[in-house]
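Let me begin by presenting the structure, written as C-alpha cells, before commenting on it.
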Amino acid sequence: MSDGVVDMKIDPSRAKALSAALQSVSERVGTVAGGRNVRIVAVSKLKPAADILALYNETKLLHFGENYAQELMEKAAVLPREIRWHFIGGLQSNKCKPLTSTIPNLFLVSSVDSQKKATQLDKGRAELHSSQPSDSTLTLGPLNIHIQINTSGEESKSGVTPGSEATDLARHVLTSCPHLNLLGLMTIGAIARSKAVKEGEENEDFISLREERDRLEKELGEELKGRKLELSMGMSDDFEGAIEMGSDEVRVGSTIFGARPPKEDFKVKSQVEAGKS
Ligand SMILES: *Cc1c(COP(=O)(O)O)cnc(C)c1O
C-alpha cells in the first residue's frame, strides 16, 4: 500500500454492484465507439472514498473525476497514487495552485476557462516539480488540461466563449505555460437541450464543440506542432450520442455510482474515520 493510504472498509456487494455498473457502461461505450479509444472517467464527486477504492480494486479503472477542490485533495491523500485524478468542476483561481502542487497524480484539469487560472495551474505544477526528490520514481510530465467551452451560451455555465476568447486562452497555454499540456476541449452543455434531443437528431452543444475544435486546430496550426485536440463531452444521460459525434472522453457519474447526496451532507474525512475498524 502506498504512503498515506488508509484502510477502508469495503462492502463486497457494493464493490460487485459498482463493477457491474462500470462494465455495463464500458459495453455501451464500446458498442458506439466503433473501435475508437474513448476514455471513461468515473465521476465520483460526493461519493465515498471507499466506493472509489472498491471500483479501482475490482476493475483497475484509473480515471476518476471530482468537482470540488477540497474533496479531491482529501480523497487523493487517502487513495492509491496510481489513480489518475480529473478535476472537472468550477475552478476558482485561488484553488489552482494548491490543487496542482499537492496532488502529483492529478492527470487532467478539464475546466480551465481563463488565462489567470492557467497561469496559476502552471505555477502549481512547477512547484510540484521542484519539490520532487531527484530520485523519485514518479515521472512528472506537464499537467494535462482541457479548455472548457461554453457551447450553450448560458450565463450560468462556465467556460470561454467559442472564437477569439478560446483562441487566446489556447495560445496562452501553448506559449506561456510550459508545465501544462493542452489536451483538448470540454463542454457540459445545456442539460435541458440534451434531454430534448430526439432520436436521429444531433445535440447542438456537441456540434458546437466539434466545430470549435476544428477551428482551433486550423487557426493554431504550427503552434500545435501537429498534435490533435481531443473532445470531452457526454455524461450519464447523453454519452452514447456524444461518442457518435466524436467524443474522446465521457464523464459518467450517476450511472456508475447511483444518485448523489446533497453537497452539504458530504464529508470525506468523517467517512474515512468511520470506515476504519
Ligand atoms: C457531475 C458531472 C458529470 C457526471 O454527471 P452524471 O450525470 O452523474 O453522469 C460530468 N461532468 C461534469 C462536469 C460534472 O459536473
Side-chain angles (χ1 to χ4, degrees), residues 17-18 20-29 32 38-49 51-52 55 61-73 75 84-92 95-96 99 106-114 117 121 144-160 183-197 203 205-206 208-209 212 230-245 247-266 268:
L18 289 170
L22 175 66
Q23 181 63 32
S24 150
V25 168
S26 297
E27 282 165 15
R28 288 168 62 191
V29 165
V32 284
V38 175
R39 186 188 307 125
I40 298 173
V41 179
V43 177
S44 45
K45 64 179 175 222
L46 306 178
K47 289 291 172 177
D51 270 8
I52 301 171
L55 196 54
L61 181 76
L62 295 177
H63 294 273
F64 290 88
E66 290 286 336
N67 279 57
Y68 309 103
Q70 189 60 33
E71 182 180 346
L72 171 53
M73 290 190 275
K75 283 176 172 171
R84 299 181 183 174
W85 292 106
H86 293 236
F87 187 78
I88 63 174
L91 195 55
Q92 291 168 280
K95 291 286 166 57
C96 290
L99 257 185
L106 182 63
F107 176 77
L108 172 60
V109 176
S110 284
S111 38
V112 179
D113 62 358
S114 79
K117 292 176 200 176
L121 291 170
N144 296 311
I145 65 131
H146 286 151
I147 291 177
Q148 185 176 348
I149 307 284
N150 184 352
T151 50
S152 59
E154 295 165 293
E155 294 231 0
S156 61
K157 289 265 156 51
S158 36
V160 297
L183 198 61
L185 307 180
M186 184 273 257
T187 187
I188 297 178
I191 293 161
R193 189 184 291 171
S194 86
K195 289 227 166 96
V197 168
N203 181 312
D205 290 299
F206 300 159
S208 163
L209 195 70
E212 188 60 5
E230 69 173 30
L231 299 177
S232 175
M233 53 190 199
M235 326 203 307
S236 283
D237 284 332
D238 54 16
F239 69 86
E240 284 152 312
I243 294 168
E244 282 167 344
M245 299 202 53
S247 182
D248 302 291
E249 176 188 273
V250 293
R251 309 175 309 267
V252 182
S254 44
T255 298
I256 297 173
F257 293 102
R260 287 178 287 271
K263 183 168 192 303
E264 57 275 19
D265 294 349
F266 185 81
V268 178

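When a ligand or atom number is given, it counts from 1 through the structure's own listing order.
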Legend entry - NZ/NE/NH1/NH2 to OD/OE distance under 4.0 Å, E240 and R28: yes
Inset, instruction - Non-hydrogen atoms closer than 4.0 Å to ligand 1: which protein residues do they belong to? List them by chain and number, please. - result: V43, K45, N67, I88, I188, M235, S236, R251, V252, G253, S254, R260
Legend entry - Contact check, side chains of S44 and D51, non-hydrogen atoms, under 4.5 Å: no
Inset, instruction - Check salt bridge (charged side-chain N to carboxylate O under 4.0 Å, His left out) between R39 and all other residues, then give those that pass, not counting sequence neighbours. - result: E230, E249
Side-chain donor-acceptor contacts of residues 254-262 below 3.5 Å, not counting sequence neighbours, with atom names and distances?
from : atom 1 : to   : atom 2 : distance (Å)
S254 : OG     : S236 : OG     : 3.4
T255 : OG1    : S236 : OG     : 2.9

Inset, instruction - Only one of H86, K75, K45 passes side-chain hydrogen bond (donor to acceptor under 3.5 Å, both in side chains) with E66; say which it is. - result: K75
Inset, instruction - Could you list the residues that satisfy side-chain contact (heavy atoms from CB on, under 4.5 Å) with S158, not counting sequence neighbours? - result: D113, Q148
